[in-house]
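Just so you know, residue 1 is the first one in the sequence shown, and it goes up from there.
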Amino acid sequence: MMEPEGEGSMRRALAILGFASIVAAAGPSAEAELEPLMAGWERIFTVSWQPGQYRGQPVVEGYVTNVSPNETMQIRILVESLDGAGQVIAQRIAWVPGHLGGGGRLFFQVPAAPSPAYRVRVFSYDRAERDGNFR
């Protein structure tokens, strides 16, 4: 059985509109601030940093230290530029190269927006299990 042409067009339009609203609701807002993906990262790592310059451009550089006995890898940090009131004005996620065993530390240097202050947090990481697999 065929539908009248106007009714089929209306259903298609409503279906497209419904799908578009679902996609829009699921997508991140341009204004949304990133947060670390790994809750409790502070029990595994410490992060020390300072502002610097590399080839005349602002950077944030420092160390990620693994204070746990576990080996970690695929570490990403979240570098946030803050205004004078401590509000986030820019964010950047960067990889920290290398594997990081318990008690070890790795250096990072990340280009950053000029800012009076910065905050650096571990965004994500993988942990090596005793059988050699990573999670």
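- Each of Phe108, Phe107, Trp41 was scored for a side-chain contact (heavy atoms from CB on, under 4.5 Å) with Val64, with one residue passing: Phe108.
- When all heavy atoms are compared, the tightest approach of Asp83 to Pro116 is C-CG, 3.8 Å.
- With hydrophobic clusters built from ILVMFWY side chains whose heavy atoms lie under 4.5 angstrom apart, Leu106 shares a cluster with Ile77.
- A pairwise comparison of heavy atoms in Ala113 and Tyr118 identifies O-OH, 2.8 Å as the closest pair.
- At least one side-chain heavy atom of Leu82 sits under 4.5 Å from a side-chain heavy atom of Val88.
- Trp49 places none of its side-chain heavy atoms less than 4.5 Å from the side chain of Val79.
- The nearest pair of heavy atoms linking Glu80 to Gln91 is OE2-NE2, 2.7 Å.
- The nearest pair of heavy atoms linking Asn66 to Leu100 is ND2-O, 3.1 Å.
- Residues Arg121 and Glu42 fail the side-chain proximity criterion, which asks for heavy atoms closer than 4.5 Å.
- Follow the hydrophobic side-chain contacts under 4.5 Å out from Val59 and you never reach Phe123; the two are in separate clusters.
- Looking at heavy atoms from C-beta onward, Trp95 lies in side-chain contact with Gln74 at the 4.5 angstrom threshold.
- Other residues, nucleotides and ligands contribute over 12 non-hydrogen atoms within 6.0 Å of the CZ atom of Arg119.
- Ser115 and Ala117 get closest at one heavy-atom pair: OG-O, 2.9 Å.
- In this structure the side chain of Ile75 reaches within 4.5 angstrom of the side chain of Phe45, judged on heavy atoms.
- Taken from CD in Glu71 to OH in Tyr125, the straight-line distance is 13.5 Å, to the nearest 0.5 Å.
- Between Arg76 and Leu37, the closest side-chain pair of non-hydrogen atoms falls below 4.5 Å.
- Here the CD atom belonging to Gln87 is positioned 13.5 Å from the OG atom belonging to Ser81, to the nearest 0.5 angstrom.
- Using a 4.5 Å heavy-atom threshold, the side chains of Arg92 and Pro111 count as touching.
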